[in-house]
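Just so it is clear: chains get the letters A, B, ... in the order the sequence lines come, proteins before strands, and each one is counted from 1.
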Number of protein chains: 2
Amino acid sequence: MADVNLDEKDFEILRWLDREGDVDVDELSEKLGISPSTVYYRMEKYREQGIIDGKVPQLDQKKLGLNLTAISEIKSEYGPGYDEIGERLSNLSGVQTAYFMLGEKSFILIAHLRDHDHLQKFVDDIIHTEGVSHSATHIVLKTFKDEPRLLVNYEDEDLEALRS
Amino acid sequence: MADVNLDEKDFEILRWLDREGDVDVDELSEKLGISPSTVYYRMEKYREQGIIDGKVPQLDQKKLGLNLTAISEIKSEYGPGYDEIGERLSNLSGVQTAYFMLGEKSFILIAHLRDHDHLQKFVDDIIHTEGVSHSATHIVLKTFKDEPRLLVNYEDEDLEALRS
DNA sequence: CGCGTCTTCGACGTGCTCGTCGGTGCAGGC
DNA sequence: GCCTGCACCGACGAGCACGTCGAAGACGCG
């Protein structure tokens, strides 16, 4: 459940996979100087342990017409039932990410939308969600970075610290 | 550059790919009742047009030891040079997403971190970034949703509206 | 030392996927 | 009416990536 023991070799493999999702076992084996069957053996474990859960094709938001990114900060009525509200918000059409923030009793949503009409519908959806008492939605003017790959974002130093 | 003309069939293919990244051409062909070569033909176009840009293996943050998610709101000094500051912030170790917000002259960063030590280093990095005048970093208490796949987040109605 | 488990290795075959190709039909332009 | 381009189809073959297996090395533990 928590974390798993991963040595240097594991991280080498995972970094390659992360960076270039399309590498196959033989290629990896060659790059790292490890036998293909060993690479296979390790990758099998990652899957079993749930460290890797399938592959996701990267779709281009803008080319699909989702030109607008919105961030909403949402406050809910005081009391229990956060989980339910969180679930409801998560299920709103267009929501990609839903966080519950420490200390502020508020949710953060990230959504990708088509245009202003879509945005209006989205805000309506939020307002009409049961338990929501206040919301503020902000528009992203420029996306400097939106990196679906995980490990490429870290300096070597930080990655080394992840080994156990 | 902008969006592309995608018909219903295109969206069927893309939704399948998005939902189950591991389907192959033959499988898709069978599910949709289209010839394999046609599926291939269309998918080739998606790649050419950049609608699909490779596949990314899904790594589990928590199992890798990245248990902490932080959201930072950052204000910069008044004046030009936003692009540079945005770039600098994007390159900080651990940052996965960096947005520049409309109207508020501020940046939003999303980062995945190991622990409080790592968080401290992260905040330090932000503070020491040239051009940053103010920052507030919030901790995510619970992640309700963090869906790397794009299209699964939308109701049918909204997807239909994307067709042109 | 001796046992068991984990890890690595190289070899192997085979099933399957990819990508190509030739041909067809449709639509639009001139 | 013809030509061109686009979308689609079905068949085909070559390559190869996957996954298995048996054996051997490394390691920990009693």
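Neither A/Ile51 nor A/Tyr41 shares a network with the other; the hydrophobic side chains, linked directly or stepwise wherever heavy atoms of I, L, V, M, F, W or Y lie under 4.5 Å apart, form separate groups for each.
Comparing D/dC9, C/dC9, D/dC18 against the side chain of A/Asp24 picks out D/dC18 as the nearest. Listed nucleotides D/dT20, D/dG10, C/dT8 differ in distance to B/Ser37; the shortest reach to its side chain belongs to D/dG10. If you check C/dC18, D/dA7, D/dC9 against the side chain of B/Thr38, the one that comes closest is D/dC9. Proximity note for B/Lys9 (side chain, C-beta onward) versus D/dC8, C/dT8, C/dA11: the nearest is D/dC8. Closest to the side chain of A/Asp26, out of C/dC18, D/dA17, D/dC8, is D/dA17.
When the side-chain nitrogen and oxygen atoms of B/Tyr41 are compared with OP1 and OP2 of D/dC8, none of them lie within a distance under 4.0 Å. Between B/Tyr40 and C/dG19, a side-chain N or O to OP1/OP2 separation shorter than 4.0 Å is present.
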Would you mind writing out the side-chain donor-acceptor pairs for residues 86-96 of chain A within the sub-3.5 Å range, not counting sequence neighbours?
residue	atom	partner	partner atom	Å
A/Arg88	NH1	A/Glu130	O	2.8
A/Arg88	NH2	A/Glu84	OE1	3.0
A/Ser90	OG	A/Gly86	O	2.8
A/Asn91	ND2	A/Glu87	O	3.2
A/Ser93	OG	B/Glu155	N	3.0
A/Ser93	OG	B/Asp158	OD2	2.5
A/Gln96	OE1	A/His112	NE2	2.7
A/Gln96	NE2	B/Glu147	O	3.2

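In the displayed structure, B/Glu27 atom CD is contacted under 6.0 Å by more than 12 heavy atoms of other residues, nucleotides or ligands.
Nucleotide D/dG19 holds its P atom 9 Å from the CE atom of A/Met43, rounded to whole Å. Distance, B/Glu44 CD to D/dA7 P: 13 Å, rounded to whole Å. Between the CG atom of B/Leu32 and the P atom of D/dC9 there is a distance of 11 Å, given to the nearest Å. In this structure, CG of B/Asp10 is placed 15 Å from P of D/dC6, rounded to the nearest angstrom. Taking atom CG on B/Asp7 and atom P on D/dA7, their separation rounds to 9 Å, with Å as the unit. Atom pair B/Glu48:CD and D/dC6:C1' shows a separation of 13 Å (rounding to whole Å applied). In this structure, A/Asp22 atom CG and D/dC16 atom P are separated by 16 Å, rounded to whole Å. In this structure, the OH atom of B/Tyr46 is 12 Å from the C1' atom of D/dA7, given to the nearest Å.
Taking CD1 of B/Ile74 as the reference point, atom CD1 of B/Ile126 lies at 4.0 Å (rounded to 0.5 Å). Separating the OG atom in A/Ser135 from the NZ atom in A/Lys75 is a distance of 11.5 Å, to the nearest 0.5 Å.
For the pair B/Lys45 and A/Pro36, both in contact range of DNA chain D, the more 5′-proximal nearest nucleotide belongs to B/Lys45.
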